[in-house]
Amino acid sequence: MAAPVLVTSALPYANGSIHLGHVLEYIQTDILVRFLKMTGQDAVYMCADDTHGTPIEVNAWRAGVTPEEYIAPYYVEHQRDFADFSIACDCFYTTNSPENQHHSEYIFERLREQGHIVTRPVTQYYCEQDGRFLPDRFIRGTCPHCKAAEQYGDVCEACGTTYSPTDLSDAHCVLCGATPVMRESVHYFFTISAYEDFLRDWMGTPGRVQPEVRRFLETWINEGLRDWDVSRDGPYFGFKIPGEDNKYFYVWLDAPVGYIATTQKFCGDTGRDFDAYWHNPEATIYHVVGKDITYFHALYWPAMLHGAGYTLPRKVLVHGFLTVNGEKMSKTRGTFITARTYLDHLDPQYLRYYYAAKLNGRVDDLDLNLEEFVHRVDAELVNKIANLVSRVVPFVNRHFEGRLGRLDDNVKPLVNDVRARLPRVRESYERMEFNRAVQEIVAIAEIGNKNFQDAAPWELVKQNPPAAQAVCTFAVNCCRTVAALIKPVLPQYAADVEAILHVEPLLFDDAARFDLEEHEIGAFTRLIERVDARQINAMVEASKENLDAAPARPAAPVEALEPEIDLDAFSRVDLRVATVLQAETVEGADRLLRLRVDIGNEQRTIFAGIRQSYAPGDLLGKQVIVVANLQPRNMRFGVSEGMLLAAGPDGTDVVVAEFAQPRQPGQRIR
RNA sequence: GGCGGUGUAGCUCAGCUGGUCAGAGCAUGCGGCUCAUAUCCGCAGUGUCCGGGGUUCAAGUCCCUGCACCGCCA
């Protein structure tokens, strides 16, 4: 038997629900695996929940449960979402497993034996109140570059500058508000630079990664591969580093190992040979990942596998992000749609079809345009593909008691035409250019429709029933061909057609047969409904509601109070009533709105980091509170002449302070 | 700020190593059919191939530059 194929998609993080962006990747992977299986390859799809790391540890702590308790419901939820989208993992496991611990430790030890793990002290912020080192995302302070307040420890969302948390002038702990101290800790580093030649060779082999990805990776290598910190101090949720009391593997060390661990679990459950996958240079391993995690999968991961003697990936397939209606998914616009919200309103087959029709195998972002979605599903899937079955099957049942005749010689050219297209479909699937495959399949459905139209069996049946029967026979064969070809994308549709036509489960090669003759077909059943546009709207509305209802965010600990000040100190802060005259987005800044406000005797321009919570129109005419005597601040996009008062834990959930009754602009607030 | 990607008809996109490459589908308009629980089939127009330079006998296709959008920066 040929060497096995193993395909993975990136592991969903077990601290939240999956959304349609995740689903894009899983559907893409699922289509590939189904195609491989249909063409007789011994392929499996492995996936798992990614369960470790600081965010889950902290969220569990905030929720007052253990990390294991915290991740458990997501494990159930994710599997249900997968199943309901017909995403058929052969095994869906978890990184919080003994198998994963074993392989993580094994890889670590092998790398250490070879001298590619070194230790080095690292000085970083430590919160004495919480008793923990603070990752960059758990520190906030004022950006050293543009002086924007309340920025994360690694990047300023106002000006985009990246820096180290120690560059923040007033760093404080996100969890408790306390000022952290510097503390030293010894960390383990993976000296990946030792693998530079190996990596150049690996990714230099054609087909490993898409060309644009390779260029991207080469710039990393050319800049010099830096040692990778693979340890974290406790408290942490993960695997302890052997021989250490309070140090753990960084989540990115054990997450991809989950691919291996899941395979181990799968082999244990099914009696398959684990080594045939992970200790077999003939095995084909594909990783499907989003472009944000390219470097983990195409640099660290192959190096780790190589160092520890596991099978190397044959291909890392990188895809872009999902946008909705041309824009980044947005909670306020209702385009941040979870898998479940979609399923509550629409048929999963629509999305599988739409994604397939747009996936081109490149790293481009894919846009889910909801109007196009409706149109494309109706015009192609329903009107062309399903309608062919709908027009011929009831016809055969009505006029010929469900029996097919024989194919007429005059359809030979059409059969040849269809057969000539099959290699292109196959090749498009192999290259992950599902859009071309779908295009070709629709064209084949059109051939079936056109012949049926031109031959007009509804007329022919009056004079020459056998001739009409032959026309129908060809159309039914087209139905089978189309169903076989679209089966990786629409397994449910294909199964329904198989049932109607009374044929065995279709394989890819069945598409070429055209030998369904003198055969009795079954009754017609509806295959797929047209998209109900109202359901689209309902889904978008529900996505907005989810946001409002989202109680999920556990109450953040209340920030510590600032030192006491006297009245004089307060009165030096000049707060004024201001009316918002203009509000607009700032090009190049995701978080900022540029506001023009009236503060009585003058107007001011203020940049406020509230774009994620407010659309410009939301603020027009509103009366807000402005710090009017704040030193003007030079920002990348202009000068900000004041500051807006608002409350919120971060930039995505901010409420601007307003007045319950109208006030005159310029009035002072005391 | 550095790096990378993208920019082709109203929309979604094909156009590989430069020479019928200015295309397809949808949308639009017109015509035909009625088997279709999902309407299909045919015909027709539309484009400074993002702007500006350059290389070449020849450039969406190569080079430089500008602009816009997207992403990455361990």
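Atoms considered below: every heavy atom in the structure, side chains included; atoms not considered: hydrogens, waters and symmetry mates. Reminder, nothing fancy here: chain letters follow the sequence lines and each chain counts from 1.
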Shorter than 3.5 Å, N or O on both sides, protein versus nucleotides 31-35 of chain B: list them out with atom names.
from   : atom 1 : to     : atom 2 : distance (Å)
B/rG32 : N2     : A/Q453 : NE2    : 3.2
B/rC35 : O2'    : A/R391 : O      : 3.4
B/rC35 : O2     : A/R391 : NE     : 3.2
B/rC35 : N3     : A/R391 : NE     : 3.2
B/rC35 : N3     : A/R391 : NH2    : 2.5
B/rC35 : N4     : A/R391 : NH2    : 2.7
B/rC35 : N4     : A/Q453 : OE1    : 3.2

Subject >> Of all pairs that satisfy salt bridge (charged side-chain N to carboxylate O under 4.0 Å, His left out), the ones with a partner from residues 473-489 of chain A, not counting sequence neighbours >> reply: A/R480-A/D515, A/K487-A/E498
Contact list (N/O, under 3.5 angstrom) for nucleotides 3-11 of chain B vs protein:
from  : atom 1 : to     : atom 2 : distance (Å)
B/rG5 : OP1    : A/R215 : NE     : 2.7

Original post:
So, does A/H519 use its side chain to make a donor-acceptor pair with the main chain of A/H502 at under 3.5 Å?
Top reply: yes
Subject >> Spacing of the C1' atoms in B/rC49 and B/rG15 (rounded, Å) >> reply: 10 Å
Original post:
For the residue pair A/H297 and A/Y259, does the interplanar ring angle fall in the parallel (under 30°), tilted (30 to 60°) or perpendicular (over 60°) class?
Top reply: tilted
Original post:
So does A/E440 pair up with A/R436, basic N to acidic O under 4.0 Å?
Top reply: no
Original post:
Does A/R403 pair with A/E401 as a salt bridge, N-O distance under 4.0 Å?
Top reply: no
Original post:
Can you tell me if the side-chain N/O atoms of A/N360 get under 4.0 Å from OP1 or OP2 in B/rU12?
Top reply: no
Let me have the donor-acceptor pairs involving side chains of residues 451-464 of chain A, under 3.5 Å, with sequence neighbours excluded, atom names and distances please.
from   : atom 1 : to     : atom 2 : distance (Å)
A/Q453 : OE1    : A/R391 : NH2    : 3.0
A/D454 : OD2    : A/K450 : NZ     : 2.9
A/N464 : OD1    : A/A467 : N      : 3.3

**OP:** Please identify each residue that fulfils ring pair (Phe, Tyr, Trp, His ring centres under 6.0 Å) with A/H306, with sequence neighbours left out.
**Re:** A/F198
Original post:
Under a 4.0 Å heavy-atom cut-off, which of residues 475-484 of chain A touch RNA chain B?
Top reply: none
Original post:
So what does A/L527 touch, heavy atoms closer than 4.0 Å: a base, only the sugar-phosphate, or nothing?
Top reply: base
Tabulated below should be each protein N or O lying under 3.5 Å from an N or O of nucleotides 21-23 of chain B; please produce it.
none

**OP:** Tell me yes or no: between the side chains of A/Q492 and A/D496, is some donor less than 3.5 Å from an acceptor?
**Re:** yes
Subject >> A/Y493: ring pair (Phe, Tyr, Trp, His ring centres under 6.0 Å) partners, not counting sequence neighbours >> reply: none
Subject >> Rounded distance in Å between the C1' positions of B/rU20 and B/rA58 >> reply: 13 Å
**OP:** Determine the Euclidean distance between corresponding P atoms of B/rA9 and B/rG23; express it in Å to zero decimal places.
**Re:** 14 Å
**OP:** Taking ring pair (Phe, Tyr, Trp, His ring centres under 6.0 Å) as the test, write out the residues that go with A/H399, two or more places apart.
**Re:** A/F395
**OP:** Would you jot down, in residue-number order, the residues of residues 426-447 of chain A having a non-hydrogen atom under 4.0 Å from RNA chain B?
**Re:** A/R436, A/E446
Subject >> ring pair (Phe, Tyr, Trp, His ring centres under 6.0 Å) involving A/Y26 - partner list, sequence neighbours excluded >> reply: A/F82
Original post:
Which residues pass the salt bridge (Lys or Arg N to Asp or Glu O under 4.0 Å) test with A/D197, sequence neighbours left out?
Top reply: none
